[in-house]
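Note that ligands are numbered from 1 as they come in the structure, with each ligand's atoms numbered from 1 the same way. In what follows, residues are counted from 1 in the order of the sequence shown.
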Amino acid sequence: MNSIDEKLQPILSTVLHRNSGEAEFHQAAREVLESLGRVVSKHPEYFDEALIERICEPERQIIFRVPWIDDNNQVQINRGFRVQFNSALGPYKGGIRFHPSVNVGIIKFLGFEQTFKNALTGLPIGGGKGGSDFDPKGKSDREIMRFCQSFMIELHRHIGEYVDVPAGDIGVGAREIGYMFGMYKRLNNRFEAGVLTGKGLVYGGSRARKEATGFGTVYFVRSMLAQSGTDFDGKRCVVSGSGNVAIYAMEKVQEFGGRVVACSDSSGYILDEDGIDLELVKQIKEVNRGRIADYVELKRGNSKFVKGGSIWDVPCEIALPCATQNELNGANAKTLIKNGVIAVAEGANMPCTPEAVQLFQKAGVLFAPGKAANAGGVATSALEMQQNASRDSWSFAKTESRLEEIMTNIHDACHNTAEEYGAPGDYVLGANIAGFVRVADAMHAMGVI
Ligand code: NDP
């Protein structure tokens with residue numbers, strides 16, 4: 001564990017005490033506070049008016065019951081969450097996650113990270129996150145619809161285009177956003193396109209939003225590699241997950257000439273030395289809603305499925321964890337380093353444990369933290385809000401070129417901030433400080449609220 005500035009220690013102690021048992025939130029808060037030591041020694045004014053303590057406390061936390069009826073006519077109860085973390089820069093903005101592991105600590109860590117990530121995009125969006133412990137796996141389409149409708153019957157009173165704008169995350173894609181948008185529209189009797197992002201193209205969605213998080217992560221890595229005088233060409237890559245972020249990260253890596261040989265889901269990973277056949281992965285995951293193991297049955301040739309194995313055992317030069325939090329630990333990092341990894345970028349939120357991050361940085365591996373590397377998704381959501389506000393619809397090329405520009409700017413902001421604060425090459429420190437300063441300046445201007 002890195003050390004924490006003695007002036008910041010009491011703030012961390014308060015966070016730990018006030019949010020007891022919320023391990024992921026503790027982890028995210030500790031990481032940011034570790035980086036802030038260098039800011040507060042240069043700018044002690046950030047201690048004024050308990051600003052850092054306020055930034056660690058969500059503005060509002062909503063927990064609600066979500067009753068729904070399954071296909072056997074049984075009543076099921078889930079729990080819904082929305083944590084509205086910080087609105088200093090704009091309406092709360094952040095995804096909704098449906099996964100059985102969801103609890104208030106997970107949503108709080110995601111909302112906290114989102115606040116700094118959204119600041120890094122340079123766009124006018126605050127930070128929030130939501131979700132439910134509902135497990136969409138194995139549910140029928142009708143069950144998904146009934147659940148989404150019940151979730152929105154409560155959530156609708158807390159959101160709005162100027163208040164809080166949710167999007168997708170794990171377990172929430174275009175289908176779920178459609179059902180939620182439909183119920184919001186009915187409850188409010190108004191077509192408020194800007195209330196949700198990640199919508200379908202025919203009713204106000206943005207081109208390139210589906211691709212944005214994965215594409216953006218790879219744009220960020222391209223900038224990092226260029227900084228070290230190299231590129232993707234011919235490099236062997238491993239991408240964990242096979243959901244929205246992983247699929248489009250793989251697509252961009254392949255476009256840039258990299259060779260993706262492995263991807264995964266929660267059952268295990270597939271290895272294909274011929275290079276992953278992405279159209280087949282899309283068919284399995286986006287159309288059939290199947291398991292990654294199906295790949296080996298459907299693909300002729302040189303591929304295998306490793307049930308329950310760790311994808312990080314596969315040797316690679318570039319590793320992109322794109323599944324979930326804490327999926328890459330210290331032991332995995334050691335294996336990757338031994339096998340010659342040169343760059344790691346977090347497509348997912350906080351997929352690397354603190355020990356793994358330290359090992360990468362110590363070994364001189366280029367390391368991009370999620371709040372910078374995966375910011376392309378929320379940035380493109382903000383572009384969707386812009387299109388909705390102006391009743392416009394941009395081309396794919398225009399939207400993607402804005403995404404590319406934003407990712408380059410985020411890379412440069414992280415890189416230059418790390419240099420300015422005496423830690424060249426430390427993208428974690430650069431991202432935390434650059435994001436913090438923007439939120440803190442806005443909070444400072446608005447007084448104690
Ligand atoms: P999806 O639901 O589309 O895909 C998630 C993938 O990760 C699936 O392959 C899933 O496998 C796997 N996964 C999820 N939980 C676990 C677990 N506990 N153990 C192993 N594998 C797991 O989600 P996204 O691709 O949208 O999100 C992935 C990550 O990226 C998350 O951390 C999310 O917060 C982050 N992110 C997403 C953004 C977006 O725009 N969608 C924006 C920024 C960050 P299985 O199907 O077996 O569960």
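- Side-chain atoms of Y219 and E400 form a donor-acceptor pair, as typed in the model, at a separation below 3.5 Å.
- Looking only at protein heavy atoms, the nearest one to atom 23 (O) of ligand 1 is I170 CA, 3.4 Å.
- Looking at C322 against ligand 1, only its backbone comes within 4.0 Å, counting heavy atoms.
- Look at E57 and R18 and you find a salt bridge, because one of the NZ, NE, NH1 or NH2 atoms lies within 4.0 Å of a carboxylate O, short of that distance.
- Looking only at heavy atoms of the protein, atom 18 (N) of ligand 1 is closest to T324 CG2, 3.6 Å.
- The residue from G243, G171, G241 that puts a heavy atom closest to atom 2 (O) of ligand 1 is G171.
- Partners of V163 under the side chain to side chain contact (heavy atoms under 4.5 Å, CB included) rule, at least two apart in sequence or in another chain, do not exist in this structure.
- Proximity annotation for atom 46 (O) of ligand 1: of R97, R291, Q114, R291 comes nearest, heavy atoms only.
- With 3.5 Å as the limit, one finds a donor-acceptor pair spanning the side chains of D272 and Y295.
- Ring planes of F112 and F25: perpendicular class, angle over 60° (limits at 30 and 60°).
- Contacts of V245 with ligand 1, taken as heavy-atom pairs under 4.0 Å, involve both backbone and side chain.
- Between N244 and ligand 1, at least one pair of N/O atoms sits closer than 3.5 Å.
- Under 4.0 angstrom from ligand 1, there are no non-hydrogen atoms of E346.
- To the nearest 0.5 Å, atoms CZ (R97) and CD1 (I170) are separated by 3.5 Å.
- Under a 4.0 angstrom heavy-atom cut-off, Q325 registers as lying outside contact with ligand 1.
- Salt-bridge check for D169 with K129: passed, with a basic side-chain N closer than 4.0 Å to an acidic carboxylate O.
- Closest to atom 9 (O) of ligand 1, if we only count protein heavy atoms, is S242 N, 2.9 Å.
- Counting only heavy atoms of the protein, atom 48 (O) of ligand 1 lies nearest to K137 NZ, 2.9 Å.
- Each of the following atoms of ligand 1 lies closer than 4.0 Å to a heavy atom of R209: 40 (O).
- With respect to atom 33 (C) of ligand 1, the closest heavy atom belonging to the protein is D169 OD1, 3.1 Å.
- Checked against side chain to side chain donor-acceptor pair (under 3.5 Å), Y269 has no partners two or more places apart in sequence or in another chain.
- The residues E255 and K252 are annotated as salt-bridged, a charged nitrogen and a carboxylate oxygen being separated by less than 4.0 angstrom.
- Short contacts between ligand 1 and H99, defined as distances under 4.0 Å to a heavy atom of the residue, involve ligand atoms 15 (N).
- A salt bridge links D274 with K299; the closest basic N to acidic carboxylate O contact falls under 4.0 Å.
- When only interatomic distances are considered, the shortest N/O to N/O separation between K117 and ligand 1 does not fall below 3.5 Å.
- For ligand 1, the polar-atom distance check against N349 finds a nitrogen or oxygen pair separated by under 3.5 Å.
- For atom 38 (C) of ligand 1, the nearest non-hydrogen atom of the protein is T213 OG1, 3.7 Å.
- Under the 30°/60° scheme for interplanar angles, the aromatic rings of H411 and Y427 are found to be tilted.
- In this pair, F151 and F64 present their aromatic rings tilted. The plane angle is within the 30 to 60° band.
- Closest heavy-atom approach to atom 22 (C) of ligand 1 within the set A246, S267, S266, A373: this belongs to S266.
- Closest protein heavy atom to atom 28 (C) of ligand 1: A323 O, 3.3 Å.
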